[in-house]
Chemist: 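I am attaching a structure below and will ask some questions about it afterwards.
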Number of protein chains: 2
Amino acid sequence: MNTEKILLDHGSGGKISHALFADLILPLFDNPELSCQDDGAILDFEPGRLAFSTDSYVVDPIFFPGGNIGDLAVNGTINDIAMCGAVPKVISAGLILEEGFLLKDLKIILESMASGAKKAGVKIVTGDTKVVPKGKADKIFINTSGIGILPSGIHVSGNNAKPGDQIILSGTLADHGIAVLTAREGLSFESDIQTDSAALNTMTRQIIESGCDVHVFRDPTRGGLGTTLNEIAVQSKVGIKIYEPSLPIKGSVQGVCELLGFDPLYIANEGKLICFTSKQDAQKTLEIIQKNEFGKDAAIIGEVTHTDPGVVLLQTAIGGVRLVDMLTGEQLPRIC
Amino acid sequence: MNTEKILLDHGSGGKISHALFADLILPLFDNPELSCQDDGAILDFEPGRLAFSTDSYVVDPIFFPGGNIGDLAVNGTINDIAMCGAVPKVISAGLILEEGFLLKDLKIILESMASGAKKAGVKIVTGDTKVVPKGKADKIFINTSGIGILPSGIHVSGNNAKPGDQIILSGTLADHGIAVLTAREGLSFESDIQTDSAALNTMTRQIIESGCDVHVFRDPTRGGLGTTLNEIAVQSKVGIKIYEPSLPIKGSVQGVCELLGFDPLYIANEGKLICFTSKQDAQKTLEIIQKNEFGKDAAIIGEVTHTDPGVVLLQTAIGGVRLVDMLTGEQLPRIC
């Protein structure tokens, strides 16, 4: 048998599935919950509120500068939970593999998942592996779902933005989307642009523990900052104004965007958050974010207005104002 | 725009993604947690232990006699949680769609998910939709993850089988696998064989509430009864003996298996459980199962032995004994 590639048998639920789990997955994700090998993981939780989130990852290519689909999938779900104001505790991993997928690539991806989870203090406690015949999927798709604990008294939601709130962006825009783009066939640039994929749960925890008056956390992934701000404007029925000169963006990323006609406002980020706080706590929150390893380029980029509910406006560098709509059409399919 | 097919834009995270969610998904799965439209769902839980499980569904074809990938995905994860002895409460839905997939088919599948969840008393509280270009996935893959509450004092696990335990199977073998097989191109039989896909959480709850001394619940899905019993024999380090004449199987299913050379012991079931109980509680447990709508064909099919730890033996109708190994190789790929 060719043991260097994924076979349909790896998804059979039988002997070879068990060998894949025992030899590759369990040693990497090792923890008591997963070791039980029951149909689900049993978890002890304190009383209170939980956050529960899911995301599937279909990024193309699966390896790109600074990361791969594995750490992306782990960080992405950790961030979705963290954006609820919760402390992520456990995640699941559901793999869909294409027959013929290289075991060595699977190993690299699983190692990235394990190290990403470890770094973020999260355990991968349950999982599932399916295999489909060659040509019926594209290499590997990963679903991660996760559970976090919401500290009492915290209400962070996209429907909680209030007029006067200041909007902080935790770092440079569009790094992930442009990194994936540059890795795509026929679109390779001489550039050092890397994905920003990172787990932001430490950053959100630091902000919450500081007692700052946070109203909204959100990570501007698919659809980018422009779409995310529109979602919040609609959910909270408020207007949002952002200042173009305040938007942090790397020169190299800006260059690629200009060359190819992409608007960085709509390009995916995977290690950035936006944080809405009351005006009096904005500076303190900004400083907390800037001290975090993933927040050094953070900036206050805008504010919530009384006027124009549901509308996002951009004040440009030359003083004009333009409407920032939700993304229409797809700039970059399979970005996450 | 062609609104009858899934477009890449439906996975963009932008306007068209939001329209799909607002127009199709939210009305079907309607509940307060999902309506919040934050990155995750916020859930109130009592203190205690939770069960957490995940499964991806890649069944081919997506429609088959008696069901489709949607109810299969919902019932499957509900059952994984129920098999932990827990009461399933919420599930997530992660969709991966192929560009060009028919919206009318998606609607049927989502309706099946919604009605399956409703029937089982479970809410679909969070989700995600990705779209990949045509040819990069096969129509639709669905991941469901779920959370259930484990009543205090319950320890039901594959590592908890004890010598002397009686083994109850809740109904006929191999219905799901053979139903899917008959639906596959070029393999259509004149038969009324339907999937047994069903949520078994009411059955497990009834058994637990009866106070019967349950040691193991497990649903024999991929790999079938043979593989599942092997897993338990290994996990619990016990021997298992089952009696061939006691195994419930429909005549039509048996006929297809014989015609095509399949062993029903290794064919997937999606609405059956096996239950290990202490000897004195076996008859009472059997009666509870038989009174449940999905348990009328339940039977005691075997017992746990002191001898041969890790080994499953079948006592045949003519009095011989043969080894039941774990499934090696894949009889029926993409059965769930």
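Here the structure is a predicted model, which is why all the values come from computation and not from measurement.
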Chemist: Are the side chain of Gln37(A) and the backbone of Gln235(B) linked by a donor-acceptor contact shorter than 3.5 Å?
Modeler: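 No: the side chain of Gln37(A) does not pair with the backbone of Gln235(B).
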Chemist: Hey, are the side chains of Thr328(B) and Ile16(A) touching, using non-hydrogen atoms and a 4.5 Å cut-off?
Modeler: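 Sidechains of Ile16(A) and Thr328(B): no contact.
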Chemist: Which residues, numbered in order, of residues 123-134 of chain A come under 4.5 angstrom of chain B by heavy-atom distance?
Modeler: Val125(A), Thr126(A), Gly127(A), Asp128(A), Thr129(A), Lys130(A), Val131(A), Val132(A), Pro133(A)
Chemist: Among Ser56(A), Gly94(A), Gly14(A), Gly223(A), which residue has the highest count of heavy-atom pairs closer than 4.5 Å to chain B?
Modeler: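 Ranked by heavy-atom pairs under 4.5 Å with chain B, first place is Ser56(A).
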Chemist: By a 4.5 Å heavy-atom criterion (distance strictly below it), what part of Ile81(B) contacts chain A: side chain, backbone, both, or neither?
Modeler: neither
Chemist: Report the distance from atom CG of Asp39(B) to atom OG of Ser53(A), rounding to the nearest 0.5 Å.
Modeler: 6.5 Å
Chemist: Go through the atoms of Thr227(A) and report whether side chain, backbone, both or neither lie under 4.5 Å from a heavy atom of chain B.
Modeler: side chain
Chemist: Would you please test Leu8(A) and Arg334(B) for side chain to side chain contact (heavy atoms under 4.5 Å, CB included) and show each step?
Modeler: CA-CA 9 Å; Leu8(A) 285 173; Arg334(B) 295 184 66 187; 5.7 Å; no
Chemist: Test Asn143(A) against Ser145(B) for side chain to side chain contact (heavy atoms under 4.5 Å, CB included), laying out the working first.
Modeler: CA-CA 9 Å; Asn143(A) 177 283; Ser145(B) 302; 4.1 Å; yes
Chemist: Less than 4.5 Å to any heavy atom of chain A: does that hold for the side chain of Ile149(B), its backbone, both, or neither?
Modeler: neither
Chemist: Any side-chain to backbone donor/acceptor pair from Arg222(B) onto Gly11(A)? Under 3.5 Å, distance only.
Modeler: yes
Chemist: Taking all non-hydrogen atoms of both residues into account, name the closest pair between Cys84(A) and Ile42(B) and its distance.
Modeler: CB-CD1, 3.8 Å
Chemist: Picking from Asp325(A), Leu332(A), Thr228(A), which has the most non-hydrogen pairs under 4.5 angstrom with chain B?
Modeler: Asp325(A)
Chemist: Less than 4.5 Å to any heavy atom of chain B: does that hold for the side chain of Ile154(A), its backbone, both, or neither?
Modeler: neither
Chemist: Heavy-atom distances under 4.5 Å only: say whether Glu231(B) touches chain A with side chain, backbone, both or neither.
Modeler: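 Contact with chain A is through the side chain of Glu231(B) alone.
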Chemist: Any ion pair linking Lys136(B) and Asp60(A) (charged N to carboxylate O, less than 4.0 Å)?
Modeler: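 Judged by the 4.0 Å cut-off on N to carboxylate O distance, Asp60(A) and Lys136(B) do not form a salt bridge.
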Chemist: Counting only N and O atoms by type, is there a donor-acceptor contact under 3.5 Å from the side chain of Asp38(B) to the main-chain atoms of Ser157(A)?
Modeler: no
Chemist: With a 4.5 Å cut-off on heavy-atom pairs, point out which of Asp44(A), Leu95(A), Val156(A), Asp80(A) contacts chain B the most.
Modeler: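 Option with the greatest count: Asp80(A).
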Chemist: Side-chain contact test, heavy atoms from C-beta onward, threshold under 4.5 Å: evaluate it for Phe141(B) versus Phe141(A) and give yes or no.
Modeler: yes
Chemist: Atom CG in Leu43(A), atom CD1 in Ile147(B): separation rounded to 0.5 Å?
Modeler: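 Nearest 0.5 Å value for the CG-CD1 distance: 8.5 Å.
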Chemist: In terms of the angle between their ring planes, are Phe52(B) and Phe52(A) parallel, tilted or perpendicular, with boundaries placed at 30° and 60°?
Modeler: perpendicular
Chemist: Looking at Gly48(A), Gly135(A), Ser12(A), Gly13(A), which one has more heavy-atom pairs under 4.5 Å with chain B than the rest?
Modeler: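 Highest number of pairs under 4.5 Å: Ser12(A).
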Chemist: Under a 4.5 Å cutoff for heavy-atom pairs, which residue among Ala82(B), Ala51(B), Ala268(B) has the most contacts with chain A?
Modeler: Ala51(B)
Chemist: Which residue out of Ala41(B), Gly85(B), Ala86(B) racks up the most heavy-atom pairs below 4.5 Å with chain A?
Modeler: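 Highest number of heavy-atom pairs under 4.5 Å: Ala41(B).
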Chemist: Where the side chain of Thr54(B) meets the backbone of Ala93(A), is there a donor-acceptor pair that is under 3.5 Å apart?
Modeler: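 Pair absent, no side-chain N/O of Thr54(B) close to backbone of Ala93(A).
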